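Quick caveat, the model's predicted, so the values are computed rather than measured. Computation of the quantities below employed the complete heavy-atom set of this structure, encompassing side-chain atoms and omitting hydrogens, waters and symmetry-equivalent molecules. Counting starts at 1 for both ligands and their atoms, following the listed order.
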Amino acid sequence: MTAPACLIDRYAAHLPLTARTPRLTLGEGDTPLVRAPRLEQETGVTEVWLKVEGMNPTGSFKDRGMVVAVAKAMEDGATSVLCASTGNTAASAAAYAARAGLPCAVILPAGHVALGKLAQAIAFGARVVAVRSGFDGALGVARELAESGDGTLVNSVNPHRIEGQKTAAFEICDVLGDAPDALFIPVGNAGNITAYWRGFREAKAAGMADRTPGMFGFQAAGAAPIVHGKAVAAPETVATAIRIGNPASWAGAVEARDASGGAIEAVTDPEILDAYSFLARCEGIFCEPASAAAVAGLRQRAKRGLLRDVRRVVCVLTGSGLKDPDTARTLASSLVEVEATAAAVRGAIRG
Ligand code: F0G
């Protein structure tokens, strides 16, 4: 017998489902866990695994939580959903709302959402509103609208989102046979690190794992409120997905860090972009800049000699590189255009 195709069926025993919860699915979850030999070589860690969450239906980990949040919204008789987003939550909410037949509104920080994410929200038929603020201001507006009955909020402050996202930790334990020594993960609004920590604790309690990993979260240096213990008024980073100054799940991230014996640290934009291009060119995996923050953090800790007692690590690559074509283009010089002859093309290839 094959495993149930639907994420919420596969982990039903660990999710807040009832007989009335619709079995909504777009084929989310069950994403590849891929070994990274070049990173192993560089960092000296015996096993480095990449959880490729860009393989989810809308190209990011958000689909795991969104399928549960939208299914529960349907069960509760919601008439519309809304969210604030740096882009991926919006793309995911728009897709699952379309599937559920619910109208969706997404509130985005004007001028700071990667092109692919915007294209997705538009294609899935969401009402897209850009506000003149960063993500934190947009989330404030979304909360206010939800409180006054304008729609069901599907940001990660909706507890069903965290519940769905924790399934990634279950999958890692299932594939590896145990939790890794350490998990490396980017941190923005801090919902995902909160979700993984819950997932690993539940996996241990349920006998899917013998232990829990150290949780290592990474913020961009220009948007590192948890690292500094203080909200950042004007966060700035090339990794627009994590351009957040006052994370909603701050307390959850601190708990994951402290209870697991982990750390939350900053990586610079150049470190993020270097990891981004390393992953693409040396491992053949194209993730978005925010995802590369986790790998930038791994490389930074390796350089600082802080990985000596870890043997097996997992880095969470939260979203697909195709989300952000503009950043990809900055890595290359201009494209070469030549006459359509073998000689001209050979000359161009040889440079
Ligand atoms: N990586 C990507 C690709 C993201 O889109 C996000 C968050 C994160 C990492 C950080 O996860 O917020 O749970 O700590 N994106 C949100 C959004 C904020 O609106 O799409 P987090």
Side-chain angles (χ1 to χ4, degrees), residues 51-56 58-66 69 82-95 106-109 112-114 116-118 120-121 126 128 131 134-139 142 153-158 161-162 164-166 168 183-199 215-220 223-226 235 237-254 256-257 264 267 272 275-276 286-297 315-324 327:
K51 181 70 169 157
V52 188
E53 288 288 278
M55 296 296 280
N56 276 297
T58 75
S60 88
F61 71 98
K62 304 288 181 179
D63 296 340
R64 296 178 181 277
M66 201 57 72
L82 65 92
C83 67
S85 180
T86 57
N88 280 325
T89 298
S92 186
V106 302
I107 306 165
L108 309 177
H112 290 94
V113 172
K117 305 173 188 181
L118 195 57
Q120 288 179 291
V128 178
V131 291
F135 169 82
D136 304 287
L139 182 57
L153 191 64
V154 292
N155 279 105
S156 58
V157 293
N158 176 328
R161 282 276 312 281
I162 304 285
Q165 282 174 209
K166 76 186 181 191
L183 186 88
F184 284 69
I185 184 168
V187 174
N189 211 26
N192 210 27
I193 190 170
T194 303
Y196 268 86
W197 179 235
R198 186 181 300 171
M215 302 290 288
F216 292 86
F218 295 89
Q219 300 195 293
I226 301 177
T237 169
V238 66
T240 52
I242 53 172
R243 188 175 170 271
I244 293 175
N246 192 9
S249 297
W250 191 318
V254 167
R257 177 193 70 192
I264 296 181
V267 286
I272 289 172
Y276 169 75
F286 186 29
C287 66
E288 64 175 285
S291 311
V295 171
C315 297
V316 184
L317 300 187
T318 46
S320 162
L322 292 172
K323 295 270 192 177
D324 190 351
T327 301

For ligand 1, is any non-hydrogen atom under 4.0 Å from Ile244's backbone (N, CA, C, O), its side chain (CB onward), both, or neither?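 Side chain only.
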Heavy-atom pairs closer than 4.0 Å: do any link ligand 1 to the side chain of Ile193, the backbone, both, or neither? neither
Which ligand 1 atoms does [X] reach within 4.0 Å, using its non-hydrogen atoms?
X	value
Pro186	9 (C)
Val187	14 (O)
Ser85	17 (C), 19 (O), 20 (O)
Asn189	12 (O), 14 (O), 21 (P)
Glu288	3 (C)
Gly191	13 (O), 14 (O), 21 (P)
Thr86	15 (N), 16 (C), 17 (C), 18 (C), 19 (O), 20 (O)
Thr318	1 (N), 2 (C), 3 (C), 9 (C)

Between [X] and ligand 1, does any nitrogen or oxygen pair lie at a separation below 3.5 Å?
X	result
Gln165	no
Gly319	no
Ser291	no

Judged by atom type as modelled, is there a donor-acceptor pair below 3.5 Å linking the side chain of [X] to the main-chain atoms of [Y]?
X	Y	value
Ser156	Arg161	no
Asn56	Asp63	no
Ser92	Asn88	no
Ser320	Gly59	no
Asp136	Gly245	yes

What are the two closest non-hydrogen atoms of Gln219 and Ile264, and how far apart are they?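 Smallest heavy-atom distance, with atoms named: CG-CG2, 4.3 Å.
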Any idea which protein heavy atom is nearest [atom], and the distance to it?
atom	value
atom 11 (O) of ligand 1	Phe61 CZ, 3.5 Å
atom 5 (O) of ligand 1	Asn88 ND2, 2.8 Å
atom 8 (C) of ligand 1	Ile242 CG2, 3.7 Å

Heavy atom of Ser60 under 4.0 Å from ligand 1? no
May I ask which of Lys117, Lys323, Lys62 has a heavy atom nearer to atom 16 (C) of ligand 1 than the others do?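 The residue whose heavy atom sits nearest atom 16 (C) of ligand 1 is Lys62.
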Relative to atom 14 (O) of ligand 1, which among Ala190, Pro289, Ala90 owns the nearest non-hydrogen atom? Ala190
Is there side-chain contact between [X] and [Y], with heavy atoms separated by less than 4.5 Å?
X	Y	value
Leu82	Leu153	yes
Val254	Ile226	yes
Phe184	Val295	no

Qualifying residue, where the test is side-chain contact (heavy atoms from CB on, under 4.5 Å) with Tyr196 and the options are Thr194, Ile193, Asn192: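 Going through the options one by one, the only one that passes is Asn192.
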